[in-house]
Amino acid sequence: MSETIKKFLYLNRKAPYGTIYAWESLEVVLIGAAFDQEVNLLFMDDGVYQLTKGQDPSGIGMKNFSPTYRTLGDYEVKNIFVDRDSLAARGLTQDDLLQIAWEDLDTDESVENIVTVVDAPRVSALMDAADVVFSF
Amino acid sequence: MSETIKKFLYLNRKAPYGTIYAWESLEVVLIGAAFDQEVNLLFMDDGVYQLTKGQDPSGIGMKNFSPTYRTLGDYEVKNIFVDRDSLAARGLTQDDLLQIAWEDLDTDESVENIVTVVDAPRVSALMDAADVVFSF
Amino acid sequence: MKFALQINEGPYQHQASDTAYCFAKALLEQGHAIFRVFFYHDGVNNATRFTTPPQDDRHIVNRWAALAEQYELDLVVCVAAAQRRGVVDEGEATRHKKDATNIHPRFRISGLGQLVEAAIQADRLVVFGD
Amino acid sequence: MKFALQINEGPYQHQASDTAYCFAKALLEQGHAIFRVFFYHDGVNNATRFTTPPQDDRHIVNRWAALAEQYELDLVVCVAAAQRRGVVDEGEATRHKKDATNIHPRFRISGLGQLVEAAIQADRLVVFGD
Amino acid sequence: MSILHTVNKSPFERNSLASCLKFATPGAAVLLIEDGVYAGLRGTTAVPLITDALERVKIYVLGPDLKARGFAAERLIPGIGVVDYAQFVALAVQHAKVQAWL
Amino acid sequence: MSILHTVNKSPFERNSLASCLKFATPGAAVLLIEDGVYAGLRGTTAVPLITDALERVKIYVLGPDLKARGFAAERLIPGIGVVDYAQFVALAVQHAKVQAWL
């Protein structure tokens, strides 16, 4: 494995369940944690629906993968960004979204919720700062 | 095969080449001709791009299936409708579209161009009149 | 009432096959009938017996096969679409010199005429896709 | 320069695999290199040797295999995505008790780590999808 | 002859709901399924499209799809009905045909 | 660090071009490929989106995709460049990264 540290940006623009992209994208994030890169997750457009609370696909015969997002803090993911305009267009607020905690077991440092709602200029800045953008 | 005559509506809303739906939809129309039903083809939204003149996918390594539309008159298709608003939104006019001729070899009856551009109420009426709608 | 179903997308990637399955199950439980389920476009990929989803996930292919077994459904895969995407039965394997097959035995490969016929014979055609 | 390519859609249904192929060919002809082509989601369906398109159409699978042969490309199919969709090699067939395989010999099945590694090692990751 | 239209796409990502509602005639029913259910929620930019259409057509949401995505029926725009798969079948039976806006 | 954005969807069917152009910063390039090329044509409802963006970013169309769909370069909005696959590669090399709007 390489010594290079790259800034990874996972760009999530698709809703869950209607297609598998959200779930298989999350699988990359989980595997990618082993590679010690700097990881940012960005949810925009219909991708913000991936983080809604209370998902229950038992009635459509699918697996609920929503709890996995809550474990992201254990996978070295410290930054999860959500585009504010995408939420607003969908009548959503941060209250509709999962809370994802993060804790560093070595330093006792912890963050109650690493999900941050950001404005458009910040979204652009995230894209500009990334070394690699994963799209699904 | 049944004696029933049904009104078939083929609803074409997708652009060609980016996805295969347009081409595989056309394959159903060609096969369907053997069943002697009343067939209407409707092109709307990005589906209107299926009928543009001058297509040449040699540079993307794909087969040009556009000439096949011109043979539809030989496959018992007498009615091809194009939604006017869809054309207008895309800056297109009927001049951008293929002409498709129809001829009845028994009666010598012929139509120079069976492609008709229709207004929204007519589109709705076509949908309402159909017995079966094929979507791709 | 007699239904025909058309499925345009493969398993797992899109919800189409899931929705069609839930719809099929509901209509059969109500006493309606299914004249045929026609798999078209990437829908032909619902017919492979090679699928092995994670153990905690649904098995889309086996689920269709079981429903077909229970209600004697006719599950038809479009031959032209199947050739493009690599779904083969014994006949196709022989014809195109493939060394094996991958179709699930509860599905059969046939022509597009089967879709047209289903649309004529059934009281309702319901299409599921992307 | 070293490229990594990711392909998210299967052959024929979407143009993604075609565009990726034309892009790959162009970059190789310019003297650039491809660290890896990673097939993900329905992209795994590009790896089946059972495909038989019409004779006047391109053969997407064989075209990738030929390019890989010429330039010694590493064509990797995601194992988890392949299991869901029924793409199997010898190892997978044994593990999951399948009676045959369908993978084209020029492709190999491996884990998602291969995508992450490719993104790290390559100078550019280019993604093709729906 | 009245139509049951099905729409399975988010109105924020695709144009299929807008097209469907433009051409649906009085007496038609529109069933929002899969990612189409997001169009039924209150407070979105799609609300004008839906409220305008509700004056002419019936609009339903497939409940299991709504629940899967984490929303309760209370979040829906008033006037939209919630159905299960059995009622989806009943709607398909009641209407002369089913038209999918893929 | 400047980005090469790729958009492969029609602007009339999907929201990906609008999203891309909203977030693309000065110096970025946007390459329209596959069904994305329709956004480059004159006289469409997408023209304001493109002409506004042309003040900040470069916009290219993949020529083979445009030709496949039956349109000549003359039909493009002035200011849009046409590239082939070799130039697509060159753009990917020139920009620090490639971001696909799928």
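In this text, all values refer to a predicted model and were calculated from it rather than measured experimentally. Numbers restart at 1 for each chain; the letters A, B, ... are given by sequence-line order, proteins then strands.
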Pair count under 4.5 Å, heavy atoms only, with chain D: among F:Gln87, F:Gln99, F:Arg14, highest is F:Arg14
Item checked: Check: F:Phe71 main-chain N/O paired with F:Arg75 side-chain donor or acceptor under 3.5 Å -> no
Bottom line for F:Asp65: the part with an atom under 4.5 Å from chain D's heavy atoms is side chain
Heaviest contributor of heavy-atom pairs below 4.5 Å to chain F, chosen from D:Ala26, D:Ala16, D:Cys22, is D:Cys22
Turns out that what part of D:Gln15 lies under 4.5 Å from chain F's heavy atoms comes down to both
The interface call for F:Ile33 against chain D, heavy-atom contacts under 4.5 Å, is side chain
Item to complete: For this output row, return yes or no: ring centroids of F:Phe88 and D:Phe23 closer than 6.0 angstrom.
Response: yes
Please check if any side-chain donor atom of D:Arg108 sits under 3.5 Å from a side-chain acceptor atom of D:Gln114, or the reverse. yes
Okay, D:Leu27 and chain F: the region with an atom under 4.5 Å from a heavy atom over there is both
Greatest number of non-hydrogen atom pairs under 4.5 angstrom with chain D, of F:Ser16, F:Ala86, F:Pro64, falls to F:Ala86
Cut-off 4.5 Å, heavy atoms of chain F, and the answer for D:His14 is neither
From the list F:Asp35, F:Leu4, F:Thr6, F:Val89, the residue making the most non-hydrogen contacts under 4.5 Å with chain D is F:Val89
(message) Can a donor-acceptor pair be found, under 3.5 Å and without considering hydrogens, that links the side chain of D:Arg106 to the backbone of D:Ala66?
(response) no
What do you reckon, is NZ of F:Lys22 surrounded by more than 12 foreign heavy atoms closer than 6.0 Å? yes
Check your understanding: Angle class for the D:His32/D:Phe3 ring planes (parallel below 30°, perpendicular above 60°, tilted otherwise)?
Key -> perpendicular
If one checks every heavy atom of D:Asp18 against chain F at 4.5 Å, the contacting part turns out to be neither
Notebook entry, point to check: Parallel under 30°, tilted from 30 to 60°, perpendicular over 60°: which one fits the rings of D:Phe107 and D:His104?
Noted result: perpendicular
